[in-house]
Amino acid sequence: MESYNFKAIEKKWQDKWEEEGIFHAETSSPKEKFFAMIEFPYPSGAGLHVGHPRSYTALDIVARKRRMQGYNVLYPIGWDAFGLPTENFAIKNKVHPKIITAKNIANFTRQLKMLGFSFDWSREVNTTDPNYYKWTQWIFLQLFKKGLAYKQEMPINWCTGCKVGLSNEEVVNGVCERCGSEVVQRRKSQWMLKITEYAQRLIDDLDEVDYLEKVKIQQRNWIGRSEGAEVTFELSTGDEMVVYTTRCDTLFGATYVVLSPEHELVEKMKDSITNYDEVLEYKAQAARKSEFERTELAKDKTGVRLMGVTAKNPANGEDLPVFISDYVLVTYGTGAIMAVPAHDSRDWDFAKKFNLPIIEVVSGGENVQEAAYTDVYKGEMVNSGFLNGLPVKEAIPTMINWLEEQGKGKRKVNYKLRDWVFSRQRYWGEPIPLVNCPKCGWVAIPESELPLELPELETFEPGENGESPLAKAYDWIETTCPCCGGRAQRETDTMPQWAGSSWYYLRYMDPHNDEAFASKEALSYWSPVDWYNGGMEHTTLHLLYSRFWHKVLYDIGAVPTKEPYMKRTSHGMILGEDNQKMSKSRGNVVNPDEVVDEFGADAFRTYEMFIGAFDQTTPWSQKGLKGCYKFLERVWNLQSIVNDDDGYSADLEKAMHKTIKKVSDDIERMKFNTAIATLMSLVNDFSKKGSVTKGEYKTFITLLNPFAPHMTEELWLTYGDGGYLSIAEWPKYDEAKTVDDEIEIVVQINGKVKDKMMVSANIDKEGLEQTALNSERIKGLTEGKTVVKVIAIPKRLVNIVVK
RNA sequence: GCGGAUGUGGCGGAAUUGGCAGACGCGCCAGACUUAGGAUCUGGUGUCUACGACGUGGGGGUUCAAGUCCCUUCAUCCGCACCA
């Protein structure tokens with residue numbers, strides 16, 4: 001027996017698998033299909049991080065197991081390759097992003113291949129390939145044609161130093177990450193996608209998919225449906241101010257109203273506002289903060305009273321002061337609120353700071369002068385005119401009905417979800433395939449002209465005044481209107497990185513199709529993705545955007561299912577050995593290349609799965625990795641004690657069946673760490689016994705194959721049934737043989753374990769009770785005491801309650 | 001502030017339904033083999049005032065029985081668009 005030479009073995013089998021194409025998925029097969037997918041990586045210059053393979057290995061294990069169970073498995077890979085870091089590198093080093101991307105992809109490919117994933121490399125996709133983004137643009141045009149894309153003025157982060165627009169990521173503590181200059185909010189016309197039109201369906205259809213519950217909760221909370229009312233306040237200027245509230249029952253407790261600083265009424269009323277200078281100054285100050293900063297600075301409420309303006313409370317006719325404050329966002333509801341400090345803690349903070357009255361209208365709390373009472377489910381109305389005495393739950397509909405009768409308000413469902421800002425003033429993204437014609441307005445380019453390729457540029461810096469770099473491609477911009485044939489200009493903004501990743505699973509189904517993003521046959525065969533694993537950080541943006549696009553495609557009959565992904569699971573992060581996030585600056589980054597070089601891909605994969613609970617964050621440990629390597633080496637060395645018996649030995653038969661069951665179940669439940677623990681225990685059993693039958697060894701290496709595919713494939717040559725283990729049959733177990741005939745039962749006295757005994761597994765309650773009471777030890781311990789009660793649970797325990 | 005999680009030995013973690021807390025691995029201790037070991041093998045390893053008691057962040061509760069259910073509280077991590 002040769003010693004375990006992972007270097008030779010791993011290379012050998014990776015080459016063979018590729019030559020034979022054994023992981024290629026065929027689109028027509030009588031077998032049941034199984035489409036497993038991981039979030040395709042952004043090919044960064046830093047290369048693969050040990051976090052990536054956690055997800056890839058997990059679904060590789062599932063894919064490999066399902067393949068062995070006879071499924072027609074599609075496990076694809078691709079590149080989400082548009083993006084900022086590449087663009088910034090390009091700007092700095094004056095290299096085309098295309099070149100950097102190709103280089104990074106080559107490196108990632110090498111690293112992924114070195115880990116032995118069973119990807120179907122023939123279906124590789126790349127979002128920056130014009131043959132791919134042709135269809136990203138095509139889908140955008142379908143949205144545009146359906147009226148789901150529109151232009152709107154939206155704030156962008158503007159660096160006052162670099163004179164360019166910045167992404168949120170590039171803004172650190174309100175200053176530009178690169179030059180340190182102050183960042184302010186500037187308004188710019190942007191393409192928006194109406195995801196809000198799909199808000200209700202995005203909530204409702206969650207019932208039809210098998211996502212982790214926490215993922216569903218996060219999506220629902222992000223969409224944030226609320227039922228409330230719009231209430232109209234008459235202003236002393238004669239204008240009407242509409243507020244949105246979910247607590248219209250508290251209207252009698254409103255003691256002031258607040259407009260967001262950007263609210264259009266503020267400017268409209270400027271002649272009536274006697275302190276308009278102060279108002280303008282506050283607006284400028286608010287514009288300096290991003291929404292996120294407004295959030296962070298939440299504790300200290302700021303605002304300015306609009307002097308000379310009051311609002312009439314529609315419930316009791318009282319005149320209320322009007323404020324502007326940045327804690328009210330123009331993007332949610334109507335951008336205006338009625339403030340009820342007694343029953344909303346933000347309003348309470350504000351009222352305290354500005355010395356505004358706090359009127360209790362819901363009883364049941366402590367003194368509302370000390371803290372807001374916000375419980376919706378308890379209490380009844382007080383100081384509230386016709387609502388007095390009603391519980392809150394009844395007061396809400398009563399008030400809405402009254403408002404509707406009086407014409408002062410109406411029922412309204414609101415969503416937190418906002419439309420998707422789809423424009424980026426960047427080079428390295430898909431060009432938006434629209435032209436602006438002075439006569440016809442925004443016009444889609446003909447589909448026959450797709451892909452609209454990115455123009456070649458010398459430099460990739462953003463343009464003047466926050467324009468896209470494409471604004472410098474003068475020849476490219478100038479075009480003719482597809483509608484009237486007149487002079488027109490192309491849109492120079494590009495799409496966000498989310499665009500390409502919103503539909504890539506569809507391209508995997510038929511990646512080389514020139515006629516359509518995928519054929520009807522491929523779509524109907526492979527849809528939907530059966531199992532999609534990814535990070536929790538993509539739960540609210542990517543996953544939601546992707547579901548939205550899919551539903552639009554469903555509505556135009558382009559895809560056969562309502563939902564793209566049947567099942568969604570999530571992995572935890574891997575931290576450095578110091579329990580900190582891995583980062584270059586901390587110097588705690590683990591490089592997969594080095595790990596594979598020293599211990600091999602099989603040990604790396606096994607450790608990635610053994611490291612801890614799959615969905616939990618957990619630190620890397622070099623010692624733990626070594627433990628997994630030792631385990632594989634022990635498996636390899638078992639060869640010296642394998643005998644010729646093709647079956648299972650009598651004393652290990654039950655253990656074999658139990659292990660098959662446990663490993664099979666654990667893989668499906670993503671309990672990879674306990675699956676490995678079970679396999680380790682079986683190796684301990686083999687070692688202790690000093691011999692293994694060939695039959696046992698064969699089953700063992702088959703179960704281990706998804707985790708350590710190379711080593712087991714090599715062992716299969718000697719101990720297997722011929723062919724490739726990767727496509728051999730997954731072991732079956734006999735349920736009857738996973739159950740013990742005799743089991744150990746614990747006997748407790750008053751809940752403390754006092755004795756253990758072996759009993760037949762199918763002994764009934766009475767028999768169990770008698771056996772326990774007849775035990776000499778128990779007899780001794782209960783002597784002289786009164787047995788109050790005996791709880792006997794077959795297959796579990798006996799608890800004797802004594803006094 | 002809001003939303004989502006997590007908290008179990010020296011460490012990573014295990015415990016399908018409320019039923020023996022600590023599987024498996026690391027580390028540590030002892031032994032074997034060895035010229036040698038950061039190799040390999042064997043055994044041991046929750047804590048303590050140890051024939052017993054205590055132990056799953058803290059406090060309370062439900063139960064014959066709680067890591068698991070309920071209330072409360074603390075700490076840490078992640079996300080965020082102050083969502084009215």
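Residue numbers begin at 1 in each chain, while the letters A, B, ... track the order of the sequences.
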For atom C1', what is the distance between B/G9 and B/A15, given to the nearest Å? 15 Å
In B/G10, glycosidic geometry as syn within 90° of 0 or anti otherwise: anti
Nearest-Å distance once atom C1' is located in both B/C20 and B/G37: 40 Å
Parallel, tilted or perpendicular for A/His542 and A/Trp498, by the 30°/60° rule? parallel
Looking at B/G18, I'd like to know if its phosphate oxygens (OP1 or OP2) sit under 4.0 Å from a side-chain N or O belonging to A/Arg796. no
Could you give the CG-to-P distance, from A/Asn799 to B/G19, as a whole number of Å? 13 Å
Among B/C20, B/A84, B/G43, which nucleotide sits nearest the side chain of A/Lys688? B/G43
Starting at the 5' end of RNA chain B, which residue's closest nucleotide do you reach first, A/Val746 or A/Tyr607? A/Tyr607
Angle between ring planes, A/His571 versus A/Phe614, binned at 30° and 60°: parallel, tilted or perpendicular? tilted
Would you say A/Lys789 places a side-chain N or O within less than 4.0 Å of OP1 or OP2 belonging to B/C64? yes
Indicate whether any N or O donor in one side chain lies under 3.5 Å from an N or O acceptor in the other, for A/Asp347 and A/Tyr327. yes
Take atom OH of A/Tyr4 and atom C1' of B/A39, then tell me their distance rounded to the nearest Å. 17 Å
Under 4.0 Å, counting only non-hydrogen atoms across every strand here, what does A/Thr617 touch: a base, just sugar-phosphate, or nothing? sugar-phosphate
If I pick the P atom on B/C11 and the same atom on B/G27, what distance separates them, to the nearest angstrom? 15 Å
A/Trp636 has an atom CH2; how far is it from atom C1' of B/C41, in whole Å? 21 Å
Ion pair check, A/Glu230 and A/Arg411, cut-off under 4.0 Å: no
Nearest-nucleotide comparison on RNA chain B, the residue closer to the 5′ end among A/Gly612 and A/Ser226: A/Gly612
Identify the pairs formed between an N or O of the protein and an N or O of nucleotides 23-31 of chain B at a distance under 3.5 Å, and give each distance.
unit_1: B/G25; atom_1: OP1; unit_2: A/Asn684; atom_2: ND2; d: 3.3
unit_1: B/C26; atom_1: OP1; unit_2: A/Lys630; atom_2: NZ; d: 3.3

If pairing means Watson-Crick or G-U wobble with both distances under 3.5 Å, then the partner of B/G43 is B/C29
Taking B/U68 as the reference, what is the distance to B/U17 when you measure between their C1' atoms (whole Å, please)? 11 Å
Regarding A/Ile791, tell me which of base, sugar-phosphate or nothing describes its non-hydrogen contacts under 4.0 Å with the strands shown. base
Here the distance between atom C1' of B/U76 and atom CE of A/Met573, to the nearest Å, is 13 Å
Nucleotide opposite B/U49 in a Watson-Crick or G-U pair, distances under 3.5 Å: none
I'd like the C1' distance from B/G18 over to B/A32, given in whole Å. 46 Å
Between B/A84 atom C1' and A/Leu259 atom CG, what is the distance in whole Å? 13 Å
Side chains of A/Arg634 and A/Ser687, donor plus acceptor under 3.5 Å: yes
Just by distance, do the side chain of A/Glu39 and the backbone of A/Gly535 share a donor-acceptor pair under 3.5 Å? yes
Under 3.5 Å, is there a donor-acceptor pair between the A/Tyr211 and A/Thr569 side chains? no
Base, sugar-phosphate alone, or nothing: which one does A/Ala336 contact when heavy atoms must sit under 4.0 Å apart? nothing
If B/U56 has a Watson-Crick or G-U wobble mate with both distances under 3.5 Å, name it; if not, just say none. none
Which nucleotide, if any, forms a Watson-Crick or G-U wobble pair with B/A66, using both distances under 3.5 Å? none
Contact check, side chains of A/Val790 and A/Asn799, non-hydrogen atoms, under 4.5 Å: no
For B/U6, give its Watson-Crick or G-U wobble partner with both distances under 3.5 Å, or none. B/A75
Could you please name the option among B/A81, B/C20, B/A14 that lies closest to any side-chain atom of A/Arg418? B/A81
Nearest-nucleotide pick for A/Lys756, side chain only, options being B/G13, B/C20, B/A5: B/C20
For B/C54, does either OP1 or OP2 sit under 4.0 Å from a side-chain N or O belonging to A/Lys752? yes
Does a side-chain N or O from A/Thr246 land closer than 4.0 Å to OP1 or OP2 of B/C83, or not? no
Base orientation of B/A50, chi within 90° of 0 counted as syn, else anti, reads syn
For B/A81, give its Watson-Crick or G-U wobble partner with both distances under 3.5 Å, or none. none
When the C1' atoms of B/G46 and B/A23 are compared, how many Å lie between them, rounded to an integer? 14 Å
Considering Watson-Crick and G-U wobble pairs with both distances under 3.5 Å, what does B/A21 pair with? none
Between C1' of B/G52 and NZ of A/Lys754, the distance in whole Å: 8 Å
Pairwise P distance for B/G57 and B/G13, with rounding to whole Å: 14 Å
Just the rounded figure in Å: distance from C1' of B/A14 to CD1 of A/Ile611. 16 Å
Taking the same atom, P, in B/G22 and in B/G10, what whole-Å distance lies between them? 15 Å
Return yes if some donor-acceptor pair links the side-chain N/O of A/Lys216 with the main-chain N/O of A/Leu206 below 3.5 Å, else return no. yes
With a 3.5 angstrom cut-off on both distances, give the Watson-Crick or G-U wobble partner of B/A15, or none if there isn't one. none
Does any non-hydrogen side-chain atom of A/Leu543 lie less than 4.5 Å from one of A/Gln219? yes
In whole angstrom, give the distance that lies between atom CG of A/Leu541 and atom P of B/C80. 8 Å
Determine the contact category for A/Gln616: base if any of its heavy atoms lies under 4.0 Å from a base atom, sugar-phosphate if only primed atoms, P, OP1 or OP2 are that close, otherwise nothing. sugar-phosphate
Could you tell me whether A/Leu417 contacts a base, only the sugar-phosphate backbone, or nothing, with contacts defined as non-hydrogen atoms closer than 4.0 Å? base
Using every non-hydrogen atom in the two residues, find where A/Trp636 and A/Ser3 come nearest and quote the distance to one decimal. NE1-C, 3.4 Å
